[in-house]
Amino acid sequence: MVELTATHRVGLHRYTFPPTENNSKVLLDLSHILSFGWGLGSRFEGGAIISLSLNQIKGVGEYRGGWNNDGPYRVYFCSQFNVNATEQATWWNHRIDKNMTSCVGTSGDKVGAILTFDTIKNPVIISRVGISFISADQACNNAENEIPDWDFDLVKQKAVDAWDNELGQIRIESNDKNLAKIFYSGLYRTLIIPSDRTGENPAWKSIDKYGKLVPYYEDFYTLWDTFRTTNPLFTLFQSQRAVDITRSLIDIYENIGYMPDGRSGSWNGITQGGSNADMIIAETYLKKIDINGKIDWNIAYEALLKDAEVDPWEQGLFQGRLYLTDYKKYGYIPSPYDRNIGYINCPSSRTLEYSANDYSISLVAKELGKINDYIKYKNRATSWENLWCPNITYDGVEGFIIPRFVNGSFDTEWASDDNNLVTSTYSFYESTSWEYSLDIPFDVKRLIQLSGGPKRFENRLDKTFADKTFLGGYYNIGNEPSFFHACLYHFIGKQYKSVEVIRTILKTKFGIGQDGIPGNDDSGAMGSWYAFNVIGIYPLAGTDIYLINSPCFDKVTIYLSISPLKTFTIIAHNLTDINIYVQNVKINDKEWTKTWFRHKDISEGAVMELQMGSEPSKFWGVNGEYEDNKEIEDKIIPPSMSDYMDK
């Protein structure tokens, strides 16, 4: 039997062998690689058993990541045992050598070590395996410092306690055990990566003005996946982690030249769309969560401008903004005339994401008092409109984001061919034109205008969610570009329709075992989307805004800060399976007519109370039948780009 537990940098193994069998072996295989699908596996580039004794194996493996085309990285290890082996050996391919205490293998080789134990005398063998990206000696230090003894059950309990502490930063009250299980499972997945590798950076060592190591994070898989929901969730219940990740992104910029969108093995890569570290930096700044002043915002702003202004050219698939020169010159990224080369570069979806990045930069610029930059990047954030073709109609809906050539003409031939708008991902990353034509969360007011007004926009949304599998070409909850779409009814004064869609998705697409959405969790993206929606709020990424939806729990307490203690409590009165509609809202006993709030409204601690009912309210969150009433809009509708700072 094999049992495993861990501390931060050390794995603890407990092997229980049959007491009647002797000479049992522990085999270490440096070249063994697991593939996780989607190209996430690594490949073995070589390695070595550095030293071998009867109770310790030290070594190193060199690997190369698959998905993000990064360079090689080394993982050092130190495997120590609580009892001595009776025999030791190294092995290389098919050769076992009991006389060698070291060996080296290259790419394609099989290499490792074998220890043989007297398992009649000691049927339980415990091994602590320290790892390091610096050296084998540091791996040994990690093992000995983090697990000074061999008490497996104690280490296991400490691991359980550590997870309870992290997950306990959000506490729920509910009689629905399955709902709670799905919620905390999703919350758990949000905390797995990126990895805190502070003190384990093999490339450089950064010290802050207080003489302490600057936080260093790795395994961004990727910010394209996580900026929408995972990082915004951190700003609520893991604010110090959010600050540390922000500091790490800035530190990477200072040492590499660009902040990453994806990063692993000490290499930046790959960019799936925009320079989405911009969204992380902006949100940390706008929400004012760096209460200890650890972030140098001048350097942070410099990093934002590097993304916005400096074309990375041949490195554009690994960092920065690919085709930035074209984006700045034409106001969009032109699509190639040869459609066979369009997918990987995704010019249309990149244009949309660069626009969103520029908008978030503009918000930071205004807060910093850089008004010229604010105007510049706010204007550049309208670039997405240059890909809006009003003359394309599909399924009764007019106007779509479609590819555009360098001569200014739209690729209407592609847009008119078969069902490309809802089946093809040409020019778009992982989603269709229909999906991306709604993916303008920072400028929904303008999107509604281009779509023909609120009534036509509502019709567009109704068609988007008509397929109740929620996994089609109109809407795919399993992919991040569709994440915000269910909240778009808020912007036409029909918050209750957002609630209906979200509730249906939560009930039908998330479950236990095989009942959930097929695919992977995308580094906690799906888990954090679920977490936000069951607690009843949803973030507008890259800003300080949250939308109010419908809680699934009677009470939620989010620990914004432990010292000093600050909590954000959400209480849903009269909540049942039928009573899902918000009737009215109070924040800190103040009547709240808006369907949204800012982080500053809850950052010092707050209680949000919602009265729930079985029918949509005729007063709260409702804007009549598309009333064109500025005063009512200001009281209800979430802000868009053109009026963000005025609300």
Side-chain angles (χ1 to χ4, degrees), residues 169-173 232-233 235-237 239 283 286-289 291 363 367 444-445 487 489-499 502 532-540 543-562 564-576 579-624 627 629-640 643-647:
Q169 302 304 307
I170 302 181
R171 298 190 179 274
I172 61 173
E173 293 183 14
L233 191 60
T235 66
L236 280 176
F237 89 111
S239 60
E283 200 160 329
L286 295 169
K287 291 181 176 179
K288 310 298 182 189
I289 59 174
I291 59 176
L363 299 181
E367 286 289 298
V444 181
K445 185 175 184 178
C487 293
Y489 288 108
H490 283 63
F491 294 83
I492 56 172
K494 296 201 171 184
Q495 181 265 5
Y496 67 91
K497 295 190 77 170
S498 292
V499 168
I502 291 167
F532 265 120
N533 281 295
V534 292
I535 67 178
I537 61 176
Y538 195 82
L540 181 52
T543 78
D544 61 343
I545 288 173
Y546 305 89
L547 307 187
I548 300 172
N549 289 325
S550 172
C552 295
F553 300 121
D554 297 309
K555 184 178 180 180
V556 179
T557 301
I558 303 171
Y559 288 83
L560 305 173
S561 170
I562 300 300
L565 181 62
K566 297 177 183 178
T567 61
F568 174 38
T569 302
I570 302 171
I571 302 172
H573 298 289
N574 199 34
L575 176 67
T576 67
N579 294 349
I580 65 171
Y581 298 101
V582 179
Q583 305 299 301
N584 61 67
V585 177
K586 288 183 179 180
I587 296 182
N588 290 338
D589 289 326
K590 177 184 177 182
E591 293 289 342
W592 201 265
T593 59
K594 294 180 286 190
T595 59
W596 59 279
F597 61 92
R598 293 190 186 277
H599 191 82
K600 67 181 180 181
D601 295 318
I602 56 96
S603 61
E604 294 302 314
V607 177
M608 183 168 72
E609 296 182 81
L610 305 94
Q611 294 292 335
M612 310 300 293
S614 60
E615 298 290 337
S617 172
K618 296 180 179 179
F619 306 101
W620 188 87
V622 179
N623 191 23
E627 288 188 55
N629 186 314
K630 178 68 172 168
E631 183 179 350
I632 292 178
E633 285 187 9
D634 287 347
K635 292 181 179 179
I636 297 173
I637 307 297
S640 289
D643 52 12
Y644 177 94
M645 299 305 296
D646 299 326
K647 292 190 177 184

| field | Approximate separation, where rounding is to 0.5 Å, of Lys600 NZ and Leu286 CG | value | 11.0 Å
| said: Working note: Ile562 + Gln169, criterion side-chain contact (heavy atoms from CB on, under 4.5 Å); need CA distance, chi angles, decisive distance, verdict. | reply: CA-CA 9 Å; Ile562 300 300; Gln169 302 304 307; 3.4 Å; yes
| Between Ile535 and Ile570, what is the shortest heavy-atom contact and its length? | O-CD1, 3.6 Å
| Residues two or more places apart in sequence or in another chain: which of them pass salt bridge (Lys or Arg N to Asp or Glu O under 4.0 Å) with Lys288? | Glu367
| request: Could you grab the distance from atom CD1 of Ile587 to atom CG of Leu610, nearest 0.5 Å is fine? | output: 8.5 Å
| message | Are Leu236 and Leu560 packed together at the side-chain level, in the sense that at least one heavy-atom pair is separated by less than 4.5 angstrom? | response | yes
| field | Which residues share a salt bridge (Lys or Arg N to Asp or Glu O under 4.0 Å) with Lys287, sequence neighbours left out | value | Glu283
| Who pairs with Asn574 by side chain to side chain contact (heavy atoms under 4.5 Å, CB included), at least two apart in sequence or on another chain? | Asn579
| query | Are any of the side-chain heavy atoms of Phe491 and Leu547 separated by less than 4.5 Å? | reply | yes
| request: Answer yes or no: is there a side-chain heavy-atom contact under 4.5 Å between Pro639 and Ile545? | output: yes
| query | Which pair of non-hydrogen atoms, one from Thr595 and one from Pro638, has the smallest distance, and what is that distance? | reply | OG1-CD, 3.6 Å
| message | Return the CG to CZ distance between Asp601 and Phe568, rounded to the nearest 0.5 Å. | response | 9.5 Å
| note | Note: Tyr546 and His599 closest approach over all heavy atoms is OH-ND1, 2.9 Å
Check: residues 548-559 side-chain donor-acceptor pairs under 3.5 Å, at least two apart:
residue, atom, partner, partner atom, Å
Asn549, OD1, His490, NE2, 3.1
Asn549, ND2, Asn533, OD1, 3.4
Ser550, OG, Arg503, NH2, 3.0
Ser550, OG, Ile580, O, 2.6

| Shortest non-hydrogen contact from Ser239 to Ile289? | O-CD1, 4.0 Å
| query | Would you call Phe597 and Ile537 a side-chain contact if the rule is heavy atoms closer than 4.5 Å? | reply | yes
| query | Can you pull the salt bridge (Lys or Arg N to Asp or Glu O under 4.0 Å) pairs that have at least one residue in residues 602-614, sequence neighbours excluded? | reply | Lys566-Glu604
| request: Nearest 0.5 Å please: distance from the CE atom of Met612 over to the CG atom of Asn584. | output: 10.5 Å
| message | Using a 3.5 Å distance criterion without hydrogens, assess whether the side chain of Gln583 forms a donor-acceptor pair with backbone atoms of Tyr581. | response | yes
| What pairs with Tyr538 under side chain to side chain donor-acceptor pair (under 3.5 Å), at least two apart in sequence or on another chain? | none
| Can you name the residues that form a ring-ring contact (aromatic ring centres under 6.0 Å, His included) with Phe237, not counting sequence neighbours? | none
| request: Supply the atom-to-atom distance Ile492 CD1 to Ser498 OG, rounded to the nearest 0.5 angstrom. | output: 8.0 Å
| Shortest non-hydrogen separation from Pro232 to Thr235 and the atoms involved | O-OG1, 2.5 Å
| said: Quick check on side-chain contact (heavy atoms from CB on, under 4.5 Å): which of Ile636, Val582, Val622 does Gln495 satisfy it with? | reply: Val582
| query | If you measure from CD1 on Ile571 to CD on Glu173, what distance do you get to the nearest 0.5 Å? | reply | 8.5 Å
